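Have a look at the structure below, then the notes.
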Amino acid sequence: MASTPSSTLSPLYESNIFCNFNSPQKFTFPLKLHSKSCIRTTQVSLQEQSQVSNPNNSQYSDRKAVSSSKSKLWVNPKSPRASELKRKSYDFRYASLMKVAESLDSCKPVEEDVFNVLADLGDKIVEQDAVVTLNNMTNAETALLAMKYFQQRLKLSKEVIVYNVTLKVLRKNKDLDRAEKVFDEMLERGVKPDNVTFSTIISCARQCNLPEKAIEWFEKLPSFGCEPDDVTYSVMIDAYGKAGNVDMALSLYDRARTEKWRIDAVTFATLIRIYGAAGNFDGCLNVYEEMKALSVKPNMTVYNSLLDAMGRARRPWQAKNIYGEMLSNGFQPSWGTYASLIRAYGRARYSEDALKIYKEMKEKGLELSVVLYNTLLAMCADVGLTDEAVNIFEEMKSSASETCQPDSWTYSSLITIFSCSGKVSEAEFTLNEMMEAGFEPNIFVLTSLIQCYGKAGRTDDVVRTFDRLSDLGLSADERFTGCLLNVLTQTAKEDLHKLTICLERANPKLGYVVKFLVDDEVEEKGAFKKHATELLDCATTDVQKAYCNCLIDICVNLNQLERACELLDVGLTLNIYTDIMSRTATQWSLHLKSLSLGAALTALHIWVNDLNKALESGEEFPSLLGINTGHGKHKYSEKGLAGVFESHLKELNAPFHEAPDKAGWFLTTKVAATSWLESRRAQEVVAA
DNA sequence: ATAGGGTTAG
């Protein structure tokens with residue numbers, strides 16, 4: 001018997017994912033250091049060699065060595081002690097250059113002041129001082145003056161580097177205009193730009209949201225005698241991606257590949273981001289696989305881009321796998337990792353996973369942002385986690401950071417949670433708190449409040465909240481109107497007229513249809529159905545089903561079963577409801593998931609009628625008949641459709657019984673169904 | 001840390 005390739009390959013593939021990215025030496029090497037002293041000696045002398053051979057590193061160390069010898073302290077230049085001294089003296093110089101950079105950032109942008117600050121560095125400045133100082137600056141104006149200072153005082157052997165770090169400062173300021181001027185100045189002074197110059201300007205253009213400019217700069221690169229290298233390609237791939245030119249980005253990737261550039265992890269991360277932004281999530285995973293096939297080790301950027309993409313894709317399980325892979329490869333999650341995970345889990349309502357990440361961030365002392373807090377709160381609202389939401393909200397408020405304080409999104413989620421769980425006074429309290437914090441109620445908040453008051457049977461407050469919308473200069477959207485309509489399904493008959501007035505104002509067509517029902521108007525044949533069709537046909541798919549469900553519920557409440565059936569029929573015709581009834585050779589089924597209670601009862605009524613017709617016409621029943629209510633216990637209501645249906649079926653004496661092994665299914669046999677339908681018919685005859 | 005890519009999102 002031949003074994004299939006996949007069955008032999010997959011275990012290998014698995015072990016590959018989880019074990020192989022880091023070379024095993026990385027783990028065993030430190031052990032060797034401890035166990036064998038001779039290896040330790042070798043290691044240190046290698047380190048020293050590299051430091052000595054690096055002229056940049058030895059610059060300050062030499063000076064320190066001189067001062068050491070002045071104090072009559074001889075240190076063997078090859079000893080560990082010497083390399084430690086070198087490092088310390090370098091650190092010291094570096095720290096003072098950082099301080100100068102900081103003073104320059106807050107210095108007045110006039111030559112005199114800037115030069116004064118720089119005078120603190122003394123006369124013995126070297127070229128690297130200029131590079132380090134400028135590299136750590138953020139203020140564009142003083143950086144340009146500082147560069148001028150260094151150009152005057154130093155004989156620069158690699159002036160292009162000084163220009164390149166200055167261009168970085170301009171990039172930090174997203175100042176492409178100035179960067180272009182500095183480039184011209186370079187040319188005037190006879191300094192030849194290199195790939196670093198171009199990649200910096202190109203990424204500057206990209207960050208300024210001017211991807212066309214980036215492309216322009218890329219295209220003029222050859223005329224300066226430069227051939228793009230791997231980094232320049234990487235920046236350009238990103239720029240093309242940002243410009244929405246995915247094809248160009250990918251063809252550049254191909255070119256980089258055929259020209260045998262070493263494509264590194266950062267470029268792969270860029271490609272993953274491009275695919276992710278384009279919504280091609282399988283493309284992201286393919287890039288990742290290709291990267292691994294080329295033996296490029298993923299880094300944090302790759303993992304974070306992938307996690308972000310899987311979050312967008314709403315594939316939390318894939319995010320979870322990738323995260324596990326990342327951890328088993330020895331990476332520590334960064335802030336960005338956690339953020340992507342919270343988003344991926346939160347949007348997909350993986351509440352336990354999301355809250356676990358949140359806890360871990362807190363334990364590590366990582367600060368969340370408002371966006372992350374709001375993501376968590378929106379998730380809590382989705383799944384009905386009231387207590388957790390309150391805790392998170394309290395923590396936001398007690399946070400020392402300005403950037404974590406609640407905003408209107410925060411309050412809105414919280415008000416939604418209280419509204420859905422029927423906590424009227426908490427919702428009102430939070431609304432007041434929101435206004436005290438300086439936020440006007442927005443349409444989301446008002447939508448929640450309408451639901452809140454509706455659920456509590458406070459019709460006058462619903463009307464008051466409705467009026468508030470226009471007082472605030474807002475107009476009803478489909479969601480808001482949908483919630484208002486939903487309130488009607490829960491309102492006592494004598495109060496309905498107050499709400500139909502609101503509905504007529506929010507959506508005249510909808511108001512007309514509802515008024516028809518509430519007033520139980522006598523109609524010309526087909527008039528109601530015609531108006532309902534027109535209404536539902538223009539509604540967007542987002543709310544079509546909600547509208548239709550609510551309208552049917554209202555009919556059922558008002559005991560207008562015929563119109564309920566008409567509405568269900570409209571819903572089926574317009575494909576608002578699909579696959580409600582299905583027939584296979586062995587089973588006929590009624591699928592009620594995503595139907596409201598009223599709609600489900602109406603559908604049952606129609607289905608039973610159909611069964612009767614089948615019976616009358618002598619059609620053969622299948623061995624099983626089933627009703628699927630879905631097991632979904634609704635998050636904010638104790639009893640799901642299944643529970644209500646169970647008692648309803650009992651009332652009807654229907655022989656359907658909940659299947660023990662299939663949650664949400666009520667099943668019966670051909671024999672039981674037939675005898676039930678026949679006894680019903682007999683009763684009807686008697687009644688007539 | 002010591003000249004170029006990436007990063008915080010709804």
Side-chain angles (χ1 to χ4, degrees), chain A residues 51 54-61 86-87 90-95 97-98 101 126-136 147 156 158-169 171-172 193-204 206-207 214 226 228-239 241-242 256 263-274 276-277 299-305 307-309 311-312 334-344 346-347 366-379 403-404 407-410 412-413 444:
Chain A
Q51 289 213 348
N54 182 342
N56 292 341
N57 271 353
S58 57
Q59 236 162 37
Y60 305 118
S61 344
K86 284 173 201 166
R87 193 182 47 81
Y90 181 79
D91 286 352
F92 183 75
R93 181 63 173 178
Y94 189 81
L97 293 171
M98 290 283 282
V126 291
E127 195 159 351
Q128 205 195 353
D129 293 332
V131 173
V132 171
T133 308
L134 288 166
N135 196 44
N136 284 294
M147 178 169 74
L156 296 167
K158 285 175 280 185
E159 195 168 355
V160 63
I161 298 180
V162 175
Y163 270 107
N164 289 343
V165 284
T166 306
L167 286 170
K168 270 175 77 181
V169 181
R171 188 184 56 191
K172 279 179 207 164
D194 60 11
N195 257 310
V196 178
T197 316
F198 283 105
S199 61
T200 310
I201 295 177
I202 291 167
S203 68
C204 177
R206 207 226 74 180
Q207 282 177 29
C226 286
D229 64 11
D230 54 345
V231 174
T232 309
Y233 273 131
S234 177
V235 179
M236 268 320 293
I237 288 172
D238 194 26
K242 264 272 149 47
I263 300 160
D264 68 7
V266 179
T267 307
F268 282 111
T270 302
L271 286 163
I272 291 170
R273 275 204 323 282
I274 289 171
N299 63 11
M300 286 302 289
T301 331
V302 169
Y303 284 122
N304 289 351
S305 314
L307 292 174
D308 185 63
R312 280 175 207 275
S334 67
W335 195 93
T337 314
Y338 286 132
S340 296
L341 286 174
I342 286 187
R343 204 157 70 118
R347 287 177 61 176
L366 288 171
E367 199 173 76
L368 277 80
S369 65
V370 207
V371 177
L372 282 186
Y373 275 120
N374 288 349
T375 306
L376 287 168
L377 289 173
M379 175 194 77
T403 59
C404 292
D407 64 7
S408 57
W409 290 59
T410 317
S412 168
S413 289
F444 305 108

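Reminder, nothing fancy here: chain letters follow the sequence lines and each chain counts from 1. Bear in mind the structure is a predicted one, so any value in this text is a computation, not a measurement.
- For the C1' atom pair drawn from B:dG4 and B:dT8, the interatomic distance equals 23 Å after rounding to whole Å.
- Across the protein-nucleic acid pair, A:K172 atom NZ and B:dG5 atom P stand 10 Å apart, rounded to whole Å.
- In this structure, A:D264 places its CG atom 14 Å from P of B:dG4, rounding to the nearest Å.
- For the pair A:L134 CG and B:dT2 C1', the interatomic distance rounds to 14 Å; values are reported in whole Å.
- At the heavy-atom level, A:Q207 lies under 4.0 Å from the strands shown only through sugar-phosphate atoms.
- Summarising the geometry, the separation between CD1 on A:I274 and P on B:dG5 is reported as 16 Å, rounded to the nearest angstrom.
- Among B:dA3, B:dG10, B:dG5, the nucleotide with an atom closest to any side-chain atom of A:K168 is B:dA3.
- A:S234 places no side-chain N or O within 3.5 Å of a backbone atom of A:D230 that could act as its donor or acceptor partner.
- Nucleic acid contact for A:N136: none, since no nucleic acid atom lies under 4.0 Å from a heavy atom of the residue.
- Counting any heavy atom pair closer than 4.0 Å across all strands shown, A:D194 reaches a base atom.
- In this structure, A:V131 reaches the sugar-phosphate backbone alone: every heavy-atom distance under 4.0 Å involves primed, P, OP1 or OP2 atoms, never a base.
- Taking atom CD1 of residue A:I272 and atom P of nucleotide B:dT7, one finds them 12 Å apart after rounding to whole Å.
- For A:V371, taking side-chain heavy atoms from C-beta onward, the closest of the listed nucleotides B:dG10, B:dA3, B:dT2 is B:dG10.
- Side-chain contact check for A:T403 versus A:E367: some heavy-atom pair is nearer than 4.5 Å.
- The existence of a salt bridge linking A:D238 and A:K242 is excluded, since no basic side-chain nitrogen approaches an acidic carboxylate oxygen closer than 4.0 Å.
- Within 4.0 Å (heavy atoms only), A:T197 reaches no atom of the nucleic acid at all.
- Taken from CG in A:L377 to CG in A:N374, the straight-line distance is 6.0 Å, to the nearest 0.5 Å.
- Nucleic acid contact for A:N374: base, since at least one base atom lies under 4.0 Å from a heavy atom of the residue.
- For A:K168, the side-chain hydrogen bond (donor to acceptor under 3.5 Å, both in side chains) partners are A:N135, not counting sequence neighbours.
- Here A:V266 lies in heavy-atom contact (under 4.0 Å) with a base.
- What separates CG of A:L366 from C1' of B:dT8 is a distance of 13 Å, to the nearest Å.
- Counting only heavy atoms from C-beta on, A:S234 has its side chain closest to B:dG5 among B:dG10, B:dG5, B:dG6.
- Nucleotide B:dA9 holds its C1' atom 12 Å from the CG atom of A:L368, rounded to whole Å.
- Candidate nucleotides B:dG5, B:dG10, B:dA1 were compared by shortest atom distance to the side chain of A:R171, and B:dG5 ranks first.
- Applying the 3.5 Å distance criterion, the base of B:dG5 shares no donor-acceptor pair with the side chain of A:T301.
- One interatomic measurement links the two molecules: CH2 of A:W409 to P of B:dA9, which rounds to 13 Å at whole-angstrom precision.
- Taking 3.5 Å as the limit, the base of B:dG6 and the side chain of A:N304 contain no donor-acceptor pair of atoms between them.
- If you check distances only, the side chain of A:D230 never reaches the base of B:dG5 with a donor-acceptor pair under 3.5 Å.
- Nearest heavy-atom pair across A:T375 and A:I342 is CG2-O, 4.0 Å.
- Among the heavy atoms of the strands, none lies under 4.0 Å from A:A269.
- The residue A:T267 sits close to a base: some heavy atom pair falls under 4.0 Å.
- Using a 4.0 Å heavy-atom cutoff across all strands shown, A:N195 reaches at least one base atom of the nucleic acid.
- Under the stacking criterion of a centre-to-centre distance below 5.5 angstrom and an interplanar angle below 30°, A:Y94 is not stacked against the six-membered ring of B:dT2.
- Closest to the side chain of A:R206, from the set B:dG6, B:dG5, B:dA9, is B:dG6.
- Residue A:R273 is in sugar-phosphate contact alone, with no base atom involved, counting any heavy-atom pair closer than 4.0 Å across all strands shown.
- Comparing B:dG6, B:dA9, B:dT2 against the side chain of A:Q128 picks out B:dT2 as the nearest.
- Side chains of A:L156 and A:Y163 form no contact here, defined as non-hydrogen atoms less than 4.5 Å apart.
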